Amino acid sequence: MKQTKAAETELTIEEKLRALFSLQLVDSEIDKIRTLRGELPLEVQDLEDEVEGLETRITNLKTETSEMEKSVVNKNTEITTSQALIKKYEEQQNNVRNNREYDSLSKEIEFQTLEIELCNKKIREFSVLVAEKKQVMAEAMAVLEERKHDLDSKKSELDDITRDTQKEEEVLIRKSQEFQTRIEERLLTAYKRIRINARNGLAVVSVQRDACGGCFNQIPPQRQLDIKSRKKIIVCEYCGRILVDDEIIKEK
Ligand SMILES: [Zn+2]
């Protein structure tokens with residue numbers, strides 16, 4: 001901590017103001033690049049999430065549908081078995097020795113007939129469900145195609161912007177970090193806080209035509225003189241932004 005204090009005292013107020021203003025100019029350039037990219041990164045993320053969700057949904061529907069189709073096949077096999085049994089029982093009925101045997105076979109036939117009915121009922125139910133699921137799946141697939149198309153175009157749009165600006169942004173970020181190391185912690189925190197709250201991310205503004213460059217309120221002449229003297233860090237009494245005179249950056 002002592003060392004930082006020593007480094008701080010090496011900077012005069014004027015140098016601090018200059019460093020702050022330089023930082024602001026660099027950060028504003030970074031803001032400009034990010035504004036250009038705008039909502040695109042978020043939109044791409046949203047579309048990626050949606051595509052993933054739709055793909056999962058379609059996979060699940062496919063699994064459910066094929067399970068049901070398998071069940072239909074199984075029910076058809078059961079029907080064939082029952083039909084064979086009925087045929088067998090009917091043949092046996094021709095060779096019975098008494099009524100009791102005949103009735104017993106009749107009961108078996110009745111039971112298998114009911115089994116077949118039950119299977120047919122299940123098959124009808126499954127078929128309706130399969131048709132419904134296939135309909136839902138077709139709709140989901142159409143939406144998926146649309147979203148994938150959107151995602152591709154948004155992605156390439158973002159890639160174009162990123163490719164054009166990435167190098168520039170990296171250089172600016174390095175510059176910003178370099179300026180930040182020159183500014184004392186307390187002042188830097190204040191700068192960042194003002195920047196977050198301020199419209200357009202402006203924490204340090206110059207005096208323009210006797211007014212604050214951030215909120216455009218008039219600055220009294222005496223205060224303007226104080227700003228020009230660069231002996232104190234002065235903030236706008238209306239918006240709280242740090243005020244500098246325009247010349248400070250040019251004189252370096
Ligand atoms: Zn202001």
Side-chain angles (χ1 to χ4, degrees), residues 1-46 157-158 160-162 164-252:
M1 270 325 253
K2 274 238 166 78
Q3 263 183 333
T4 356
K5 268 263 157 29
E8 278 169 27
T9 48
E10 282 166 24
L11 281 188
T12 63
I13 297 284
E14 180 169 347
E15 285 164 335
K16 283 182 189 177
L17 287 169
R18 190 171 285 135
L20 270 175
F21 198 34
S22 305
L23 175 63
Q24 177 68 71
L25 293 176
V26 169
D27 283 347
S28 291
E29 284 298 309
I30 297 170
D31 289 346
K32 234 188 262 170
I33 289 172
R34 294 190 174 159
T35 307
L36 198 67
R37 238 180 267 147
E39 299 284 300
L40 269 175
L42 258 173
E43 286 172 28
V44 166
Q45 182 64 54
D46 284 351
E157 202 183 326
L158 179 60
D160 285 349
I161 295 174
T162 307
D164 290 349
T165 55
Q166 200 168 24
K167 265 224 174 79
E168 196 188 342
E169 191 184 6
E170 280 165 9
V171 170
L172 287 167
I173 288 170
R174 269 201 299 280
K175 258 194 201 168
S176 172
Q177 285 163 344
E178 197 191 306
F179 283 127
Q180 285 182 39
T181 59
R182 292 190 208 165
I183 299 162
E184 65 193 87
E185 196 65 36
R186 194 182 51 83
L187 203 54
L188 190 62
T189 308
Y191 165 83
K192 285 180 179 168
R193 197 191 55 236
I194 303 170
R195 220 168 100 72
I196 288 167
N197 294 324
R199 202 169 47 86
N200 297 339
L202 292 175
V204 183
V205 291
S206 60
V207 179
Q208 288 163 13
R209 290 188 196 130
D210 303 329
C212 164
C215 69
F216 308 110
N217 277 298
Q218 287 291 171
I219 298 162
Q222 181 54 49
R223 217 169 160 74
Q224 285 191 53
L225 284 176
D226 290 344
I227 294 162
K228 274 208 179 84
S229 76
R230 302 168 193 170
K231 296 274 183 276
K232 259 170 68 187
I233 290 173
I234 293 170
V235 298
C236 172
E237 52 186 324
Y238 301 99
C239 68
R241 290 180 173 98
I242 297 161
L243 288 162
V244 293
D245 62 298
D246 230 354
E247 301 299 307
I248 198 163
I249 206 87
K250 298 176 196 160
E251 285 169 14
K252 200 188 170 185

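Just so it is clear, the structure is predicted and the values come from calculations on it, not from any experiment. Whatever order the structure lists ligands and atoms in, that order sets their numbers, starting from 1.
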I'd like to know if R230 and D245 make a salt bridge, using a cut-off of under 4.0 Å between side-chain N and carboxylate O.
yes
With E169, the salt bridge (Lys or Arg N to Asp or Glu O under 4.0 Å) member among R37, R174, K175
R37
I need the protein N, O or S atoms closer than 2.8 Å to the Zn ion (ligand 1), given as residue plus atom name.
C212 SG, C215 SG, C236 SG, C239 SG
Is there a side-chain contact between I183 and K16 in this structure, where contact means two heavy atoms from C-beta onward sitting under 4.5 Å apart?
no
Hey, is CD on E39 packed in by over 12 heavy atoms from elsewhere, all under 6.0 Å?
no
Q24 and its side chain to side chain contact (heavy atoms under 4.5 Å, CB included) partner, picked from L202, I242, I194:
L202
So which of L23, L25, V244, D27 actually passes side chain to side chain contact (heavy atoms under 4.5 Å, CB included) with V204?
V244
